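All of these numbers come straight from a predicted model, not from anything done at the bench. Order of the sequence lines sets the chain letters (A, B, ...), proteins ahead of strands, with each chain counted from 1.
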There are 2 protein chains.
Amino acid sequence: MVNVESLRPTRQRRAVSDVLSTITKFSSAQEVHAVLISKGEKVGLATVYRTLQALAETGAIDVLRNEDGEALYRACGTDHHHHLVCTICNKTTEIAAPEVEIWTEKIAREQGYLISGHTIEVFGLCKNCR
Amino acid sequence: MVNVESLRPTRQRRAVSDVLSTITKFSSAQEVHAVLISKGEKVGLATVYRTLQALAETGAIDVLRNEDGEALYRACGTDHHHHLVCTICNKTTEIAAPEVEIWTEKIAREQGYLISGHTIEVFGLCKNCR
DNA sequence: CTTTTTGCAAATCTTTTGCACTCTA
DNA sequence: TAGAGTGCAAAAGATTTGCAAAAAG
């Protein structure tokens with residue numbers, strides 16, 4: 001399970017992390033909550049929101065926004081990477097993008113910006129859905 | 001002003017487009033509405049939402065989501081490009097990224113995905129804000 | 001005259017908060 | 001025991017939607 005210092009390992013947090021380690025697609029707080037409930041775990045929706053947020057803040061899990069502006073979470077590898085997301089099944093593949101990181105730096109320098117971060121998400125249909 | 005076929009050029013739409021062509025940063029529907037009001041234009045908030053949405057759908061303007069999940073709009077160049085956004089003043093610079101587009105294709109092919117689109121946004125502090 | 005658009009206000013929906021209560025360290 | 005964490009239910013806020021009136025072609 002995703003482990004984070006300074007966050008007490010409560011039953012609820014353990015449950016959320018467990019679910020996250022099971023799911024391979026980006027899921028909303030509501031979806032994670034639904035899974036918990038269906039598994040018989042008693043966890044409040046607010047707690048799921050708070051936990052997911054906390055985990056995301058420490059960088060333990062990744063977040064992205066779907067087209068509707070909902071926050072989607074997913075347990076991911078620890079090093080910097082981006083995602084290839086299936087627009088039908090939401091299957092997610094982590095991708096490393098060294099050349100893009102470099103490009104990012106270059107662009108920023110050219111424009112006189114001091115970079116703080118970037119978002120790169122590629123959408124499409126995965127093998128099974130196409 | 002941004003012109004789109006099949007959308008009747010009403011006073012409200014003209015007003016929204018005019019504001020968009022004035023603003024150089026990504027703005028929320030609420031912000032656009034506020035500007036309209038402050039200029040004495042009488043346009044309903046719902047209309048602003050509907051107009052912005054319609055324009056975005058036709059590709060006449062660009063949309064992106066901020067960290068809070070709010071939709072931000074901006075009139076942009078017609079060809080495919082991405083953005084460099086200042087996290088303080090929201091100043092936006094359009095950037096072309098041929099190498100990234102190529103990389104995107106390559107990754108998708110490798111993973112067996114059929115690409116439908118991608119999101120690339122670079123955030124940082126602009127010259128004036130750093 | 002027919003089809004779009006609008007404006008409002010009401011309804012949605014996701015996410016956040018206040019608070020009293022329950023755990024963990 | 002003190003500080004963190006939790007559950008609800010209420011509060012926020014951004015969007016959407018229903019509908020009757022107004023505008024456009």
Side-chain angles (χ1 to χ4, degrees), chain A residues 1-20 25-58 60-74 90, chain B residues 1-20 25-58 60-74 90:
Chain A
M1 88 165 232
V2 185
N3 190 44
V4 183
E5 56 183 318
S6 89
L7 286 187
R8 293 182 180 173
T10 64
R11 170 179 62 76
Q12 292 82 337
R13 290 192 177 141
R14 238 184 280 278
V16 169
S17 294
D18 281 348
V19 168
L20 282 178
K25 64 170 194 120
F26 271 89
S27 315
S28 67
Q30 311 257 2
E31 290 177 317
V32 171
H33 181 247
V35 172
L36 286 168
I37 295 304
S38 74
K39 290 179 59 178
E41 291 282 359
K42 302 194 184 318
V43 184
L45 177 58
T47 298
V48 174
Y49 270 103
R50 284 186 281 228
T51 300
L52 252 19
Q53 236 169 251
L55 290 174
E57 248 164 52
T58 64
I61 62 179
D62 285 358
V63 206
L64 68 76
R65 296 269 172 185
N66 68 11
E67 219 173 57
D68 296 325
E70 295 180 325
L72 302 182
Y73 303 86
R74 177 176 189 269
N90 267 315
Chain B
M1 83 165 235
V2 185
N3 191 43
V4 183
E5 55 181 320
S6 90
L7 286 185
R8 291 181 180 172
T10 64
R11 172 180 58 78
Q12 292 82 335
R13 290 195 175 137
R14 239 184 279 280
V16 169
S17 294
D18 282 348
V19 168
L20 283 178
K25 64 169 193 124
F26 271 89
S27 315
S28 67
Q30 312 256 4
E31 290 177 316
V32 171
H33 181 247
V35 172
L36 285 168
I37 296 304
S38 75
K39 288 179 61 178
E41 291 283 357
K42 302 194 185 316
V43 183
L45 177 57
T47 297
V48 175
Y49 271 104
R50 284 186 283 228
T51 300
L52 252 19
Q53 235 168 251
L55 290 174
E57 248 163 53
T58 65
I61 62 177
D62 285 357
V63 205
L64 69 76
R65 295 271 172 182
N66 69 10
E67 218 173 58
D68 296 325
E70 294 180 326
L72 303 182
Y73 304 86
R74 177 176 189 270
N90 266 314

Report summary line: When rounded to whole Å, the CG to P distance for the pair D68(A) and dT17(D) reads 11 Å

Report task. Identify which nucleotide among dA14(D), dT17(C), dT14(C) has an atom closest to any side-chain atom of A46(A), counting heavy atoms from C-beta outward. Result -> dT17(C)

Query raised in the report: What is the distance from CG of L45(B) to C1' of dT5(C), rounded to the nearest Å?
Result: 16 Å

**Report entry** Phosphate-side-chain proximity, R13(A) and dG5(D), N/O vs OP1/OP2 below 4.0 Å
**Finding:** yes

Query - Integer-rounded Å distance: dT22(C) P and R11(A) CZ - result: 14 Å

**Report entry** Atom-to-atom span, CG of L7(A) to C1' of dA25(C) - whole angstrom
**Finding:** 14 Å

Query raised in the report: Which part of the nucleic acid does A29(B) contact within heavy-atom distance under 4.0 Å: base, sugar-phosphate only, or nothing?
Result: nothing

Query raised in the report: Does T47(B) make a side-chain N or O approach to OP1 or OP2 of dG7(C) shorter than 4.0 Å?
Result: yes

**Report entry** Flag if over 12 foreign heavy atoms under 6.0 Å of NZ, K42(A)
**Finding:** no

Query raised in the report: Does R65(B) use its side chain to pair, donor to acceptor, with the backbone of E67(A) at less than 3.5 Å?
Result: yes

Query raised in the report: Using a cut-off of less than 4.0 Å, is there contact between a side-chain N or O of T10(A) and OP1 or OP2 of dT6(D)?
Result: yes

Query raised in the report: Does E31(A) reach the side chain of K25(A), with side-chain heavy atoms less than 4.5 Å apart?
Result: yes

Requested in this report: Using atom CG of L52(B) as one end and atom P of dT6(C) as the other, report the distance to the nearest whole Å.
Outcome: 12 Å

Query raised in the report: Taking atom P of dT14(C) as reference, at what distance in whole Å does atom CD of E67(A) sit?
Result: 16 Å

Requested in this report: Round to a whole Å and report the spacing from CD1 of I37(B) to C1' of dC8(C).
Outcome: 13 Å

Query raised in the report: Is there a donor and acceptor pair closer than 3.5 Å between the side chain of R50(B) and the base of dT16(D)?
Result: no

Query - Euclidean distance, atom CZ of residue R8(A) to atom P of dA25(C) [Å, nearest integer] - result: 6 Å

Query - Q12(A) side-chain N/O to dG7(D) phosphate OP1/OP2 under 4.0 Å - result: yes

Report task. Would you mind telling me which residue lines up with the more 5' stretch of DNA chain D, G69(B) or V48(A), judged by nearest nucleotide? Result -> V48(A)

Query raised in the report: At under 4.0 Å between heavy atoms, what does Q53(B) touch on the DNA or RNA strands: base, sugar-phosphate, or nothing?
Result: sugar-phosphate

Query - Contact under 4.0 Å: Y49(B) side-chain N or O vs dT15(D) OP1/OP2 - result: yes

